[in-house]
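Side chains are part of it too, since the values below use all heavy atoms of this structure and drop only hydrogens, waters and symmetry mates. Just so it is clear, the structure is predicted and the values come from calculations on it, not from any experiment.
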Amino acid sequence: QVQLVESGGGLVQAGGSLRLSCAASGGTFRSYNSGWFRQAPGTEREFVAAINWIGDSTYYADSVKGRFTISRDNAKNTMYLQMNVLEPEDTAVYYCKAGLQWGRWSGPGGYWGQGTQVTVSS
């Protein structure tokens, strides 16, 4: 059983940056492909970015490609999402997930955090 806790969200102006963290405990986080998702009010949760278990392969949604960077430090059991050039459309609750099926981002299973709010003002 893996427990995940996100942090680093907040309010930022358009064009600004934030760095989200996802701290894992209670299991073998380092063995899981993992990723970030987000959910804006009135919408379904959507995939943002993924990273494989060793950290040498990543994948991004088109909407964030070139602006967001996913990374992980398995020695610290932590995953990150560096978000640059933020836009109001990036406003959402951001969730981390451990246990992705590579290429099937929204598949069942895995472990979720509780989410952290990111609000981008125009």
Side-chain angles (χ1 to χ4, degrees):
Q1 189 83 4
V2 176
Q3 290 83 45
L4 303 173
V5 178
E6 302 94 336
S7 62
L11 173 64
V12 64
Q13 287 189 330
S17 298
L18 283 175
R19 189 195 196 201
L20 305 184
S21 297
C22 174
S25 63
T28 55
F29 173 73
R30 64 190 64 191
S31 67
Y32 290 108
N33 298 326
S34 298
W36 290 92
F37 293 72
R38 66 187 182 186
Q39 187 169 19
T43 70
E44 293 189 354
R45 194 171 298 187
E46 66 173 0
F47 167 78
V48 174
I51 188 166
N52 70 343
W53 67 275
I54 201 172
D56 63 358
S57 184
T58 58
Y59 191 87
Y60 297 92
D62 287 343
S63 58
V64 306
K65 199 173 297 183
R67 300 188 298 122
F68 291 11
T69 302
I70 188 171
S71 62
R72 67 191 298 164
D73 185 342
N74 284 341
K76 296 182 179 179
N77 282 337
T78 303
M79 180 174 64
Y80 305 97
L81 186 68
Q82 178 67 44
M83 306 186 294
N84 298 328
V85 196
L86 282 161
E87 303 168 351
E89 293 75 20
D90 296 317
T91 295
V93 177
Y94 283 71
Y95 300 88
C96 61
K97 180 178 180 180
L100 294 178
Q101 297 181 38
W102 198 257
R104 192 185 177 198
W105 315 122
S106 297
Y111 304 95
W112 291 93
Q114 293 301 304
T116 186
Q117 176 71 47
V118 172
T119 303
V120 184
S121 64
S122 56

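Although no hydrogens or angles enter the test, the distance criterion places a donor-acceptor pair under 3.5 Å between the side chain of Asn52 and the main chain of Gly55. Thr91 places a side-chain N or O within 3.5 Å of a backbone atom of Val120 that can act as its donor or acceptor partner.
For Asp62, the salt bridge (Lys or Arg N to Asp or Glu O under 4.0 Å) partners at least two apart in sequence or on another chain are Lys65. By the side chain to side chain contact (heavy atoms under 4.5 Å, CB included) test, Ala92 is found to be paired with Arg38, Ala40, Tyr94, residues two or more places apart in sequence or in another chain being considered.
The minimum heavy-atom distance linking Val2 with Ala24 is given by the pair CG1-CB, 4.2 Å. Taking all atoms of both residues into account, the shortest heavy-atom contact from Ala98 to Ser34 is CA-OG, 3.5 Å. Closest approach of Trp105 to Lys97, counting heavy atoms only: O-NZ, 4.3 Å. When all heavy atoms are compared, the tightest approach of Thr28 to Ser31 is O-OG, 2.7 Å.
Residue Trp53 is found in a hydrophobic cluster whose other members, listed by chain and number, are Ile54; membership requires side-chain heavy atoms under 4.5 Å apart, directly or through intermediates.
Hydrophobic cluster membership is shared by Leu20 and Tyr60, with clusters built from Ile, Leu, Val, Met, Phe, Trp and Tyr side chains linked at under 4.5 angstrom. When the side chains of ILVMFWY residues are joined at heavy-atom separations under 4.5 Å, either directly or via intervening members, Tyr95 and Phe47 end up in a single hydrophobic cluster. Hydrophobic clustering places Ile70 together with Leu18 (ILVMFWY residues linked when any side-chain heavy atoms are closer than 4.5 Å, directly or through intermediates). Under the 4.5 Å side-chain heavy-atom criterion for Ile, Leu, Val, Met, Phe, Trp and Tyr, Val48 and Val93 are members of distinct hydrophobic clusters.
Once rounded to the nearest 0.5 Å, the distance linking CZ of Arg30 with OG1 of Thr78 reads 10.5 Å. Distance CG/Leu4 to CZ/Phe29: 6.5 Å, rounded to 0.5 Å. How far CG of Leu100 is from OH of Tyr59: 13.0 Å, rounded to the nearest 0.5 Å. Here the straight-line distance linking atom CZ of Arg72 with atom OH of Tyr32 works out to 11.0 Å at 0.5 Å rounding. Arg19 contributes atom CZ, which lies 10.5 Å from atom OG1 of Thr69 (distance to the nearest 0.5 angstrom).
Ring to ring, Trp36 and Phe68 are not that close: their centroids are 6.0 angstrom or more apart.
Under the disulfide (SG to SG under 2.5 Å) criterion, the residue pairs touching residues 1-108 are Cys22-Cys96, with sequence neighbours excluded.
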Side-chain donor-acceptor contacts of residues 108-116 below 3.5 Å, not counting sequence neighbours, with atom names and distances?
| from | atom 1 | to | atom 2 | distance (Å) |
| --- | --- | --- | --- | --- |
| Thr116 | OG1 | Gly9 | N | 3.2 |

Using a 3.5 Å cut-off and no angle test, enumerate the donor-acceptor pairs between side-chain atoms of residues 79-87 and protein atoms at least two apart in sequence or in another chain.
| from | atom 1 | to | atom 2 | distance (Å) |
| --- | --- | --- | --- | --- |
| Gln82 | NE2 | Asn84 | OD1 | 2.9 |
| Asn84 | OD1 | Ser17 | OG | 2.9 |

